[in-house]
Amino acid sequence: MSGAQRVLLGWIAAVHGIRGDVLVKTHTGDPADIARYGALTDAAGERPLELMVRRVTSKGLIAHIRGIEDRTAAEALRGAELWVARERLPKAEAGEFYYVDLIGLEAFDEAGTPFGKVMNVVNYGGGDLLEVVLFDGGKRELVPFKLTFVPEVDIAAARVVIAWPLQFEIVQSEHSSGDGGDGD
């Protein structure tokens with residue numbers, strides 16, 4: 001199974017107690033929901049990891065992993081990522097998207113001209129950003145994933161429309177004018 005067909009739901013952050021329980025940090029809205037998807041896999045997609053929820057705490061989810069019966073075995077899983085096949089996730093609500101569905105979309109400006117491709121979705125604490133690699137020179141731009149800047153997302157057509165701020169368009173046209181400058 002390739003990474004593009006799987007979604008990261010969380011990771012094992014620490015061991016909890018002596019009976020093999022672990023602390024799991026999740027990307028699911030409700031931390032306990034991570035166990036609803038059945039057996040998850042490690043990053044390589046090979047080892048099944050079936051979580052049984054013990055409780056949710058302010059630090060994360062305390063869970064037991066089937067087949068892990070002591071602290072030593074649990075320690076070996078510290079840092080393990082927990083992945084699920086994309087098709088096992090529920091359909092996204094209108095106006096919501098899974099990051100994995102946005103990656104690879106071709107980026108168009110409002111006039112319908114393609115100019116790049118979404119390579120990643122990141123969040124540094126201020127909200128989601130689309131990382132777009134421009135076709136002209138491979139420069140990467142971060143675009144706030146807000147309706148103001150991304151008025152249209154069409155997963156079926158594999159495209160996203162990006163409304164650049166006016167100053168970006170001016171800077172871009174100056175750099176692409178062929179004046180021989182280095183673009184800095």
Side-chain angles (χ1 to χ4, degrees), residues 1-107 116-133 138-146 149-150 153 155 158 160:
M1 192 183 314
S2 76
Q5 297 172 324
R6 299 182 314 134
V7 176
L8 178 65
L9 291 184
W11 70 97
I12 298 172
V15 174
H16 183 82
I18 61 171
R19 295 191 182 123
D21 289 349
V22 293
L23 173 69
V24 177
K25 300 288 186 170
T26 73
H27 296 300
T28 55
D30 176 353
D33 284 349
I34 194 170
R36 290 182 33 196
Y37 301 103
L40 305 173
T41 64
D42 61 5
E46 297 170 358
R47 182 177 184 177
L49 300 166
E50 188 174 340
L51 301 177
M52 292 160 280
V53 175
R54 300 276 197 220
R55 68 185 171 281
V56 176
T57 71
S58 61
K59 293 183 180 181
L61 175 78
I62 305 298
H64 184 78
I65 298 174
R66 186 177 305 276
I68 303 298
E69 302 305 326
D70 61 40
R71 185 175 183 88
T72 303
E75 279 287 349
L77 293 174
R78 185 187 296 232
E81 295 177 338
L82 303 169
W83 293 81
V84 66
R86 169 62 180 94
E87 62 269 7
R88 288 176 44 200
L89 294 174
K91 183 178 178 185
E93 299 290 324
E96 294 182 352
F97 306 95
Y98 290 109
Y99 285 6
V100 70
D101 294 338
L102 297 170
I103 296 170
L105 297 182
E106 192 165 3
K117 183 174 256 190
V118 177
M119 297 306 289
N120 201 2
V121 182
V122 296
N123 187 321
Y124 299 113
D128 293 331
L129 301 166
L130 298 182
E131 180 181 357
V132 178
V133 174
K139 184 177 177 186
R140 294 176 185 263
E141 294 291 340
L142 294 175
V143 179
F145 191 48
K146 298 185 180 301
F149 299 104
V150 186
V153 176
I155 301 294
V160 60

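Here the structure is a predicted model, which is why all the values come from computation and not from measurement.
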Evaluate the side chain to side chain contact (heavy atoms under 4.5 Å, CB included) criterion for residues D101 and R86: first the C-alpha distance (whole Å), next the side-chain angles of each, then the deciding distance (0.1 Å), finally the verdict. CA-CA 9 Å; D101 294 338; R86 169 62 180 94; 2.7 Å; yes
Please name all residues satisfying side chain to side chain donor-acceptor pair (under 3.5 Å) with [X], sequence neighbours left out, ordered by chain then number.
X   : answer
D70 : none
D30 : none
R36 : none
R47 : none

[X] to [Y] - nearest heavy-atom pair and separation:
X    : Y    : value
T41  : E46  : CB-N, 4.4 Å
F149 : P144 : CB-O, 3.5 Å
A74  : G20  : CB-O, 3.6 Å
V133 : G138 : CG1-O, 3.7 Å
L49  : D42  : CD1-N, 4.2 Å
A158 : L105 : CA-CD2, 3.3 Å

Taking the side chain as every heavy atom from C-beta outward, state whether V122 and L142 have any pair of such atoms under 4.5 Å apart. yes
Under the side-chain hydrogen bond (donor to acceptor under 3.5 Å, both in side chains) definition, can you give me all pairs with a residue in residues 8-19, not counting sequence neighbours? H16-R55
Measure the [atom1]-[atom2] distance between [X] and [Y] for me, rounded to the nearest 0.5 Å.
X    : Y    : atom1 : atom2 : value
H64  : M52  : NE2   : CE    : 4.5 Å
K146 : L129 : NZ    : CG    : 8.5 Å
L77  : I68  : CG    : CD1   : 4.5 Å

Give a yes or no answer on whether the side chain of K25 reaches the backbone of K59 with a donor-acceptor pair at less than 3.5 Å. yes
Got a donor-acceptor contact below 3.5 angstrom from the R78 side chain to the I12 backbone? no
Test log, rule side chain to side chain contact (heavy atoms under 4.5 Å, CB included), inputs L9 and H27: CA-CA 5 Å; L9 291 184; H27 296 300; 5.6 Å; no
Residues forming a side chain to side chain contact (heavy atoms under 4.5 Å, CB included) with [X], sequence neighbours excluded:
X    : result
E93  : E96
A43  : E81, W83
V56  : P31, A32, L61
D128 : Y99, V121, N123, F145

Verify side chain to side chain contact (heavy atoms under 4.5 Å, CB included) between V53 and L51, making sure each step is shown before the conclusion. CA-CA 6 Å; V53 175; L51 301 177; 5.7 Å; no
Can you list everything that forms a salt bridge (Lys or Arg N to Asp or Glu O under 4.0 Å) with E50? Sequence neighbours excluded, please. R66
Verdict with reasoning, L23 to I62, per side chain to side chain contact (heavy atoms under 4.5 Å, CB included): CA-CA 5 Å; L23 173 69; I62 305 298; 3.7 Å; yes
